[in-house]
Protein chains: 2
Amino acid sequence: MSEPRIADEGRRRGVNRSRMADVARLAGVSTSTVSRALRQPDIVSPELRTRIDEAIERLAYVPNLMAGGLASARSRTVGIIVPSIMNSFFSETVEALGERLADRGYQLMLGHSGYSTEREEALVASYLAWSPAAIVLTGRHHSKLTLRRLLEAEIPVVEMWELGERPIDMLVGFSHREVGRAVARHFRSRGATRLAFVGAALDRDLRALERGAGFLAEASAGGTDAVTVSLAERPQVATGAQGLARLLDEQPGVDAAFFSNDVMALGALFECRRRGIAVPERLRLCGFGDLDFAAESVPLLTTVRPPRREIGRRIADALLARFEGDASGPAVLDLGFELIERESG
Amino acid sequence: MSEPRIADEGRRRGVNRSRMADVARLAGVSTSTVSRALRQPDIVSPELRTRIDEAIERLAYVPNLMAGGLASARSRTVGIIVPSIMNSFFSETVEALGERLADRGYQLMLGHSGYSTEREEALVASYLAWSPAAIVLTGRHHSKLTLRRLLEAEIPVVEMWELGERPIDMLVGFSHREVGRAVARHFRSRGATRLAFVGAALDRDLRALERGAGFLAEASAGGTDAVTVSLAERPQVATGAQGLARLLDEQPGVDAAFFSNDVMALGALFECRRRGIAVPERLRLCGFGDLDFAAESVPLLTTVRPPRREIGRRIADALLARFEGDASGPAVLDLGFELIERESG
DNA sequence: CTGAAAGCGCTAACAC
DNA sequence: GTGTTAGCGCTTTCAG
């Protein structure tokens, strides 16, 4: 069998790719020592470490992570699923998380569910096939099968961007219901008497729905009128403009509106401008997200700032700690939010 | 050695995770047949295939991709590097690409370079350790080492979002220089006589720089005055507002400005509003990107629409073809762009 | 069309 | 602190 193997060699590994055995030979040590030098440098004598480093350098050795992963039954990979990559809320979290993990040698496998639990299910299955070090999901809503697979995998699992009881494992986020309450209270404190929540695709975006629910609950608890305008379309700038139009049509008496997110609020701002509606004098507007235009728009947008980057950072820290065997962190981490009062509301 | 192995078994593979050997045994075939049934179902007899499928179902078998990858020296993984995940230009490309690849069983490994070639180098190295099926990079600017590694890896490599000569392998994008020229021509055709390009972080964002260069070249070729306002900050809404302020300060005679991208143009629009500058009467504005607010702002934003999703789609198609052994596609794919004339310019 | 056998390149006991 | 040994779970010749 050694004849064919040699003939085949170039094809299998790329002409120049060297293996750990090559490094070991050049450094005059065993592969175990090379392996240790790579993963726990401090348990190898300085002298050998130097020789090994030189050999690695000379051979331009790149470890084969699949071989390592197979042998150790785990990989330095973290699977993450967000509803949409294009949504800058989540992409900022992904960026912060990915950066921190990459520094420690972990790779992010990214996928988007489009708010579908079936798609999430398929993604989780394909991640699991890689024996990932951990899996990060958005939200608390998962299929039964996803849940079972995750439990059986016995790896750290993080649910993010929400709060609640009994997380699969860890939960890092904030309360959308409280966001809604805070906005309603804010509007009331400003003297608004007829409130509205304007949302889009609320059947899929459960977090937005929750913000709306909190908003309505707080309003009625305070004896204030509150209605919902619900659009079927995805939450975009144009959808916000439409929402504003429908609101004015159907509920002309409303004097303060909480929009599903800043993107929609921006559309509403433009539509108000077009219609000559004075903001905030005639109508108060509040968004969600504190995207960067909120601090620049005319008028400046009152909004709620979620801990976008912080979620990513804290997940990375929690995960890294778990990878080192430290499971002392809290299962549920409430990162809170901030109401940013500007001009629009 | 068999004693400890058995005791260890649960720990290594997760209590319930079955292997291909389990499937083979249950179906009464060899692992080779199971392996074939999984990868090329049509070369296995229908009867065995059925039995195998049932066994897979019953055992909830999930293949170990690392074992498969090790044995075959390749993986169904595609590494992709964008400058920033948060930039919705690239995230839309990533989303389109990822969706199409996921449908065919490929996973995306995502990283962001922050416009740094060193970071790109590190990411490429770590991707290569996974024997990826392909690597996708943004732009044409890479370190020598990155280039060498990519060449040696002998896998499909796509450079995207730009055009040019001698791609590493494949190139899918459009000409930023032509974008700049088109905008300059457009402004001239509207009667503008003093043009400006407003960019941010142009030392890092080489594509924006190129758009600016094309814009200036076309302007001067047409005998029109043209200046550049270059800001050090990252291109954001606030930066656009600052850029507008500086422009008005330093070049009060300018009557048309091309902004690095729509986000900055939006900031400029707000700043004009604050200062009471009439757009387009006193100053024409053009952005780049055609982000969704461009079709809703007041005034509507004239801009250039890059083939954001299309880039992702076409890369997926090209890659999938290559994976099947079809290398007949073009090495360079120019997807063009579209100038969207609206109200602002 | 199917099975047997030989690894893929690394890690993880275990012994020294 | 270091080397030896025995796999990790699959794919891939090669026979039949």
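Any value given below was found using the heavy atoms of this structure, including those in side chains, with hydrogens, waters and symmetry copies removed. A note on names: the letters A, B, ... follow the listed sequences, proteins ahead of strands, and every chain is numbered from 1.
- The closest donor-acceptor contact from the side chain of B:Arg76 to the backbone of B:Gly69 lies at 3.5 Å or more, if one exists at all.
- Rounded to whole Å, atom P of D:dC8 lies 12 Å from atom CG of B:Asp22.
- Listed pair A:Thr31 / D:dG3 fails the phosphate criterion, with no side-chain N or O lying under 4.0 Å from OP1 or OP2.
- One finds a side-chain N or O of B:Ser35 lying less than 4.0 angstrom from the OP1 or OP2 phosphate oxygen of D:dT11.
- Taking atom CG on B:Leu70 and atom P on D:dC8, their separation rounds to 13 Å, with Å as the unit.
- Taking all atoms of both residues into account, the shortest heavy-atom contact from B:Met109 to B:Tyr127 is O-OH, 3.2 Å.
- Atom CZ of B:Arg51 and atom P of C:dC1 are 16 Å apart (whole Å).
- When the side-chain nitrogen and oxygen atoms of A:Arg39 are compared with OP1 and OP2 of C:dT11, one or more of them lie within a distance under 4.0 Å.
- Evaluation of atom-type donor-acceptor distances gives a pair under 3.5 Å for the side chain of A:Ser32 against the base of D:dT4.
- Between the side chains of A:Thr146 and A:Ser143, at least one donor-acceptor pair of N or O atoms lies under 3.5 Å.
- Nearest to the side-chain atoms of B:Ala71 among the listed nucleotides C:dT2, D:dC10, D:dT2 stands D:dC10.
- What separates CG of B:Leu38 from P of D:dC10 is a distance of 9 Å, to the nearest Å.
- Spacing between atom CG of B:Leu48 and atom C1' of C:dC1 amounts to 8 Å, rounded to whole angstrom units.
- Distance B:Arg36 CZ to D:dT12 P: 10 Å, rounded to the nearest Å.
- The CG atom of B:Asn64 sits 7 Å away from the P atom of D:dG9 (whole-angstrom rounding).
- OP1 and OP2 of D:dG9 both lie 4.0 Å or more from every side-chain N or O belonging to B:Tyr61.
- Counting to the nearest Å, the C1' atom of C:dA4 and the CZ atom of B:Arg25 are 16 Å from each other.
- With respect to A:Asp103 and A:Arg100, no salt bridge is recorded, no charged nitrogen being found less than 4.0 Å from a carboxylate O.
- Proximity of A:Ser30 to the phosphate of D:dG3: a side-chain N or O atom is located under 4.0 Å from OP1 or OP2.
- Ion pairing of A:Arg314 with A:Asp317 is absent here, as no side-chain N (NZ or NE/NH1/NH2) approaches a carboxylate O to less than 4.0 Å.
- Residue A:Thr33 places at least one side-chain N or O under 4.0 Å from the OP1 or OP2 atom of D:dG3.
- In this model, the phosphate group of D:dT12 is approached by a side-chain N or O of B:Arg74 to a distance below 4.0 Å at OP1 or OP2.
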